[in-house]
Amino acid sequence: MTPGPLLLFDLLLPAVLLWLAWRSLTSSDLFRAVILFIAFNLLLALAWVRLEAPDVALAEAAIGAGVTGTLLLAALTRIESAAGRRLSRPARWRPAALVLTGTALLAAAAGLLWSLRLLPTMPGGLGPLVDRHLAESGVDHPVTAVLLNFRGYDTLLEVAVLLLAVIAIWCLDEAVPFLQQPLESPLLTGFNRMMLPILLLSAGYLLWLGSHAPGGAFQAASLLAAGLLLALFSGASLPAQWSGLPLRLLLVLGFLAFLAAAIIGPLTGRALLHYPPAWVKPLILLVEWLLTLSIALILTATVIGGRPTGSRPYPPPASPAAEGRQR
Amino acid sequence: MDPRDILSIVFLLAAAPFFLAGTIGLLRFPDVFCRLHALTKADNLGLGLIVIALALQADTWLQSARLLLIWLLVMLSGATVAHLIARTALRAGRKPWSGRS
Amino acid sequence: MTELCLGLALFLLVTIVLGLIRIRRGPSDADRMLSAQLFGTTGVAILLLLGQATDRTFWWDVALVFALLSAVTAIAFVSRNEPSETAQQQRDDHGS
Amino acid sequence: MSVPLIYTAAGIFLFLLGTYGLVAYAHLLRKILAANIMGSGVFMAFIAVAGRTPGAPDPVPHAMVLTGIVVTVAFTSVALALAVRIARTSSRVHLSGRDEEQ
C-alpha cells in the first residue's frame, strides 16, 4: 500500500487533470481554454513522475511547457486577428443526440475499465529483454537504447513526420511577422542574454545525460527550440541569405544523418538500422547531436508557421505600419 | 534525528505558509499588481526554503548546487514574467487598485 | 523526513487546486497567465520534494526544465497582449 | 487500490472527454485541444498499464509514448497552420456550413 499522503496525491492529481481538461474544453473564452490547456500540460508532467516515467516527464515538461503553449498562443493570435474574437459555445444538441452520445461514451468507459480487470499482469514485459541486450546497444540507458537502436525505425520515421509537418506548414503560407510589434523591454533583452546560454548548456546537459540516464535528443531539442523562441520574441530573426538553402539543409540534416546511419547496416551485410558493433557508440552520439539541432529548428519553424521568403529575413520583422503605432 | 534533519524539517515547515500566502494572495487581492506581488512571494521564499531544506539533506555538493541553480532560474524567470505582465496590464490601461473603488 | 516531504507535496497540490479558482474567476487574461505561472513554480517545488521523498534525484532534471521554460509561455502571452488589448478587456476588468 | 489503476481510469476518462470535445465543438482550435487531450489520455492509460508489471519500469512503452508526444506536437502545429489558413481565407474558424456561431 503506498504511504498515506502519496495515495491522496495520486487521487487528487488525476482529479485536477480531469477538471482542467473539462474546463479547458467547455470554457467560453478561447484564451482561457488555451491557458487551462497549458496548466493541464504542466500537471501532466507530474502524472508521468508519479507513473515512474522520467523520460516522458522530461519530454512532456520540455515540449508541453515550452513549445505547445507558445504554438497555441501564436496560432490563437493569428486566428483572432483574422476571424475576430468571438466566444464559441458547444453545439446545441437535440436531447436524443445528447443521450445517445452520453450513453455511448459511458458504455465505452465501462467496457474499457472492465477489460482492464481481465488484463493479466504478465511478469516483466519487455524490460528484461532490453536489459539483456543493453550492452550491445551502445548506450547505458534502456529508453535511449530502445529509441535509437532497438526500435530505431520508429524514431527515424518520427523525425520524418516532423519534417513533413514543416513541409506542410511551409506549403500553406508565407511567414508572417512573429510579433505585431517587437517587445522592446530592456528587461527582456537582459533576460534573453542570460537565458540563451543557460538553455544551450542545459540542452547539452540533457543530451549528454541521455546516454546513461533519462534525457536525450528530443528533450534537448525542445529546450533549444525554447531558446530560439525567446530570441524570436525579442525581435531576432534569421537574415535573408541564411533563410534559403542553409536553413533547409539544417532542417534535413538530422533525418539524413539518421538515414545514413541506418543504411550502413545493409551496406555492410547487416539488416537495416543494425549498426556495426565496433562504432555503435560514436554513431549513436553523432546521430543524436545532429537530431537535436534539426528538431530544435523544426519545432521553431512550426511555431513561426510560414515559409521563409527569399528576400526578407525569416520571420519578417514587424511591418512599419505597426511600428508607427508603437509608442 | 541528527541536527541536519531537524533543520530541514524546520525549513520545510517554514516554506508551507509562504506558498499558502502566495495562493491566498492570488485569490484575495483586488487587482493584477497585488496578485503579482503575492505570486513572487511563493517563488522566492517558499521555494528558497524548500531548496535550503533539501540542500541540507543532499549527500554531495553537486546536488545542492543543482538545487540552487533551479531556485535561481525560477526567481529569474519569475521576476521577468512579473515585470512583463505588470507592464502589459499597465499599458492596457488598468489602473492599480486604490482604496474602496 | 520523507513523510514530511510527501505531506508538503500534497499540500502544494492543494494550493494548485486553490489557484484554479483564480483561473476560473480571474477577470482578465493577465490573471489567468499569472496563475499558470504560479502552477509552474509550485510544480517545481513538488518535483523537488517528490525527488527527495522517493530518493530519485532525476526528478530534479524535470524541475530544472520547468524552471527554464516557465518564462517562455508567459512571454508568448505578453507579446500577444501588447497595447492592442480590446475594450472588452476593460469591461472584463471592472468585474474584479 | 494500486496507483496504476487510478491513472488508467483517468487516462480513459481523459480520452472520452477529448472525444466529447472533438464532437461537440465546431471551432477548429477547440477540436485541436480536444485531440491533444485524447492523445494525453491514451498515453496515460498506456504507461499506467505498463506500470502494472512489477520490477523496473518497462522502457519500450516509455520510448513509444515519447515518440507519441513528439508526433502530437507535429500534428498540432499542422492542424493550427490549417486553422489559421482557413481563418484568413474565410474569416471563419469552423467548417460547418451553417453560419450561426457554433
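Owing to the predicted nature of the structure, the values given are computational and were not obtained by experimental measurement. Every chain is numbered from 1 and lettered A, B, ... according to where its sequence line falls, protein lines coming before strand lines.
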Do C:Met1 and B:Ile9 come close enough that some side-chain heavy atom pair is under 4.5 Å? yes

Drop me the distance from B:Phe33's CZ to C:Leu34's CG, to the nearest 0.5 angstrom. 11.0 Å

Under 4.5 Å heavy-atom distance to chain B, tell me which part of C:Leu8 shows up: side chain, backbone, both or neither. side chain

Reported CG-to-SG distance for the pair B:Leu54 and C:Cys5, which is rounded to 0.5 angstrom: 6.0 Å

Output for pair (C:Leu38 CG, B:Phe19 CZ), nearest 0.5 Å, gives 8.0 Å

Could you tell me if the side chain of B:Leu20 sits less than 4.5 Å from the side chain of C:Phe11, heavy atoms only? yes

Top of B:Leu13, B:Val51, B:Leu72, B:Leu36 for chain C proximity - count of heavy-atom pairs under 4.5 angstrom: B:Leu36

Look only at the side chain of B:Arg35 and the backbone of C:Ser35, and say whether a donor-acceptor pair between them is shorter than 3.5 Å. no

Who among C:Thr57, C:Val72, C:Ile21 has the most heavy-atom pairs with chain B under 4.5 Å? C:Thr57

Please examine the side chains of B:Leu26 and C:Leu18, heavy atoms only from C-beta on, and report whether any two atoms are closer than 4.5 Å. no

Could you please state which residues from residues 73-81 of chain B sit under 4.5 angstrom from chain C, measuring non-hydrogen atom to non-hydrogen atom, sorted by number, or 'none'? B:Leu73, B:Val74, B:Ser77, B:Gly78, B:Val81

With sequence neighbours left out, write down each residue that passes side-chain contact (heavy atoms from CB on, under 4.5 Å) with B:Arg28, or none if nothing qualifies. B:Ile24

Say you draw a straight line from CG of B:Leu39 to CZ of C:Arg22; how long is it, rounded to the nearest 0.5 Å? 12.0 Å

Could you grab the distance from atom CG of B:Leu67 to atom CH2 of C:Trp60, nearest 0.5 Å is fine? 4.0 Å

Indicate yes or no: at least one non-hydrogen side-chain atom of C:Gln37 is less than 4.5 angstrom from one of B:Ile85. no

Can you say whether B:Phe29 sits under 4.5 Å from chain C via the side chain, the backbone, both, or neither, judging by heavy atoms? backbone

With a 4.5 angstrom heavy-atom cut-off, could you sort out which part of B:Leu27 is near chain C: side chain, backbone, both or neither? both

Quick one: CG on B:Asp31 to CG on C:Asp31, what's the gap to the nearest 0.5 Å? 8.5 Å

Side chain, backbone, both or neither: which part of C:Leu12 has an atom under 4.5 Å from a heavy atom of chain B? side chain

